[in-house]
There are 2 protein chains.
Amino acid sequence: MQNAELKERIEELKRRSKKAGLRVTKQRIEIFKAVFESKAHPDAETLYNLIKNKVPNVALDTVYRTLASLESLNMVFRVDSLLPKARFDADYTPHSHFLCTKCNEIYDIFLTSATDVKNEVQKKGIGNVVDVNIQVRGICPKCENEKKEKNLWN
Amino acid sequence: MQNAELKERIEELKRRSKKAGLRVTKQRIEIFKAVFESKAHPDAETLYNLIKNKVPNVALDTVYRTLASLESLNMVFRVDSLLPKARFDADYTPHSHFLCTKCNEIYDIFLTSATDVKNEVQKKGIGNVVDVNIQVRGICPKCENEKKEKNLWN
DNA sequence: AATCTTAATAAGAATAATTCTTATTAAGGA
DNA sequence: TCCTTAATAAGAATTATTCTTATTAAGATT
């Protein structure tokens, strides 16, 4: 059974929707699936294009509204990127992001030191922590290699 | 001498401008000063209002362009916030941010664990790190207290 | 100090991302 | 099956930011 996790997450989406008095529509399911299945932290427009064939007359506005409601249910998360378009993630396991400043790709990274950060903030009593967010900006190995290859010809 | 640091930073701005072939205009100086003097990580419009009296006919567009050029000189930095307006900072000492999700204020915080994060990413060879960015989201003490005071009357 | 080159500016138009308005549709409870 | 109302599609509107163009003014050269 390949998509056991997706199935379970959709069940969770249904439970949370019911609890919050939100309705489960075809649009919401398809948009959630598209976020879940993409590993590229897609933006709203990308999701819109991904689901167009499954939900023919869907409006881009619906994608935005749906992402907002999925966010309020903590089923999708907005990724800090400093890029003009907001990008989204359905992975609730605590993790950080590596942003390549060359290709704008966002990679998931898992850092044990993230826990140290949370602990330090809480210990120092800076505020009531809701979540800790770490992004690392740099050049990804893929772009680094392309740069090297190019240099061979220059 | 109260503003020795500001003075020195403006000298640095002039040196870097010359090196980069950029001109030092009254607008650039005033905008830099305003970012430097504000501890609130202001957005472009706030800066525009702050300098209006000193540079009467300044255009909002100039603020945006100037922030971009100061950014290219590494004299100001864009703060990740997930808020619609970009916010800026002139503090180059490595530090992180605490964002209050209630009042949207951004506080500077200094975390020793930030170094651990950088070390971990570098050791794992995830990519060529340019900078590490940590934000903590939560409720600041001020908003936490207001909440408590309100509850007394409910 | 006067001249010259061109980067930077002001003004306002344009663009891009996101949100709002409204009439219509369809969840899902009764 | 009916009914209430949340969610949708369509397109207009809004918000933040960037672009276009004629003008101004750094600052290098004389």
Side-chain angles (χ1 to χ4, degrees), chain A residues 10-11 13-32 34-35 41-49 51-73 75-76 78-88 104, chain B residues 10-11 13-32 34-35 41-49 51-73 75-76 78-88 104:
Chain A
I10 288 175
E11 286 314 307
L13 169 55
K14 288 180 180 171
R15 285 192 292 273
R16 294 190 190 186
S17 294
K18 174 164 263 182
K19 205 176 197 174
L22 298 178
R23 293 176 184 175
V24 179
T25 64
K26 185 182 169 101
Q27 288 85 340
R28 286 191 182 163
I29 297 287
E30 289 305 327
I31 290 165
F32 177 75
V35 180
H41 309 82
D43 58 49
E45 208 178 351
T46 302
L47 291 165
Y48 171 68
N49 289 319
I51 64 160
K52 251 188 207 158
N53 50 330
K54 296 190 175 176
V55 193
N57 290 346
V58 69
L60 179 54
D61 170 69
T62 299
V63 178
Y64 278 105
R65 270 182 302 100
T66 299
L67 287 168
S69 71
L70 293 174
E71 232 187 324
S72 76
L73 296 177
M75 293 297 297
V76 309
R78 202 171 281 257
V79 179
D80 258 333
S81 74
L82 286 184
L83 299 169
K85 301 188 185 185
R87 298 183 59 172
F88 297 87
N104 287 338
Chain B
I10 288 175
E11 286 314 308
L13 169 54
K14 287 179 181 170
R15 283 191 293 274
R16 294 190 189 187
S17 294
K18 174 164 264 183
K19 204 177 201 174
L22 299 179
R23 293 176 184 177
V24 178
T25 65
K26 185 183 169 102
Q27 289 86 341
R28 286 190 182 164
I29 296 288
E30 290 305 327
I31 291 165
F32 178 74
V35 180
H41 308 83
D43 56 50
E45 208 178 352
T46 302
L47 292 165
Y48 172 67
N49 289 319
I51 64 160
K52 252 190 208 158
N53 50 331
K54 297 189 173 174
V55 191
N57 289 346
V58 70
L60 178 54
D61 170 67
T62 299
V63 178
Y64 278 104
R65 266 183 304 100
T66 299
L67 287 168
S69 70
L70 292 174
E71 231 188 324
S72 77
L73 296 176
M75 294 298 297
V76 309
R78 202 171 280 258
V79 179
D80 258 330
S81 74
L82 285 185
L83 299 170
K85 298 186 185 186
R87 298 182 59 169
F88 297 88
N104 286 340

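Proteins come first, then strands; the chains are lettered A, B, ... in the order of their sequence lines, and each starts at number 1.
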Atom-to-atom span, NZ of A/Lys85 to P of D/dT18 - whole angstrom: 15 Å

Might you list the N or O atoms of the protein lying below 3.5 Å from N or O atoms in nucleotides 25-30 of chain D, with each pair's distance?
{"unit_1": "D/dA26", "atom_1": "N3", "unit_2": "B/Arg23", "atom_2": "NH1", "d": "3.1"}
{"unit_1": "D/dG27", "atom_1": "OP1", "unit_2": "B/Val24", "atom_2": "N", "d": "2.7"}

side-chain N/O A/Thr62 vs D/dA9 OP1/OP2, d < 4.0 Å: yes

Length of the CG-C1' vector between B/Asn57 and C/dG12, whole Å: 14 Å

Donor-acceptor pair, side chain of A/Ser69 and main chain of A/Thr66, under 3.5 angstrom: yes

Side chains of B/Arg65 and B/Thr62 in contact at under 4.5 Å (non-hydrogen atoms): yes

Sugar-phosphate only, base, or nothing, as touched by A/Arg28 at under 4.0 Å among non-hydrogen atoms: sugar-phosphate

Phosphate-side-chain proximity, B/Tyr64 and D/dT17, N/O vs OP1/OP2 below 4.0 Å: yes

Heavy-atom neighbours of A/Lys54 NZ exceed 12 at 6.0 Å: no

Bending between helix ends of the helix from C/dA1-D/dT30 to C/dA30-D/dT1 [5 pairs per end, 10° resolution]: 40°

A/Arg65 vs D/dT8: side-chain N/O to OP1/OP2 distance below 4.0 Å: yes

Nearest-Å distance for atom pair NZ/C1', residues B/Lys52 and C/dA10: 14 Å

Under 3.5 Å donor-acceptor, B/Ser17 side chain and B/Leu13 backbone: yes

Exam field: side chain B/Arg87 to backbone B/Asp43, donor-acceptor pair closer than 3.5 Å: no

Nucleotide D/dA16, atom P - distance to CG of A/Leu82 in whole Å: 17 Å

Sugar-phosphate only, base, or nothing, as touched by B/Asp61 at under 4.0 Å among non-hydrogen atoms: base

Check: B/Thr46/B/Asn49 side-chain N/O donor and acceptor closer than 3.5 Å: no

Separation of D/dT17 C1' from B/Glu71 CD (nearest whole Å): 13 Å

Rounded distance (Å) that lies between atom P of C/dA8 and atom CG of B/Leu70: 11 Å

Proximal nucleotide (of D/dA16, C/dA10, C/dT18) relative to the B/Ala59 side chain: C/dA10

Option from A/Lys18, A/Glu11, A/Lys19 for which side-chain contact (heavy atoms from CB on, under 4.5 Å) with A/Arg15 holds: A/Glu11

Spacing of B/Leu60 atom CG relative to D/dC19 atom P, expressed in whole Å: 14 Å

Whole-Å gap separating P (C/dT18) and CZ (A/Arg78): 8 Å

Side-chain touch A/Lys52/A/Tyr48, heavy atoms, less than 4.5 angstrom: yes

Close side-chain approach of A/Leu22 to A/Leu73, heavy-atom, < 4.5 Å: yes

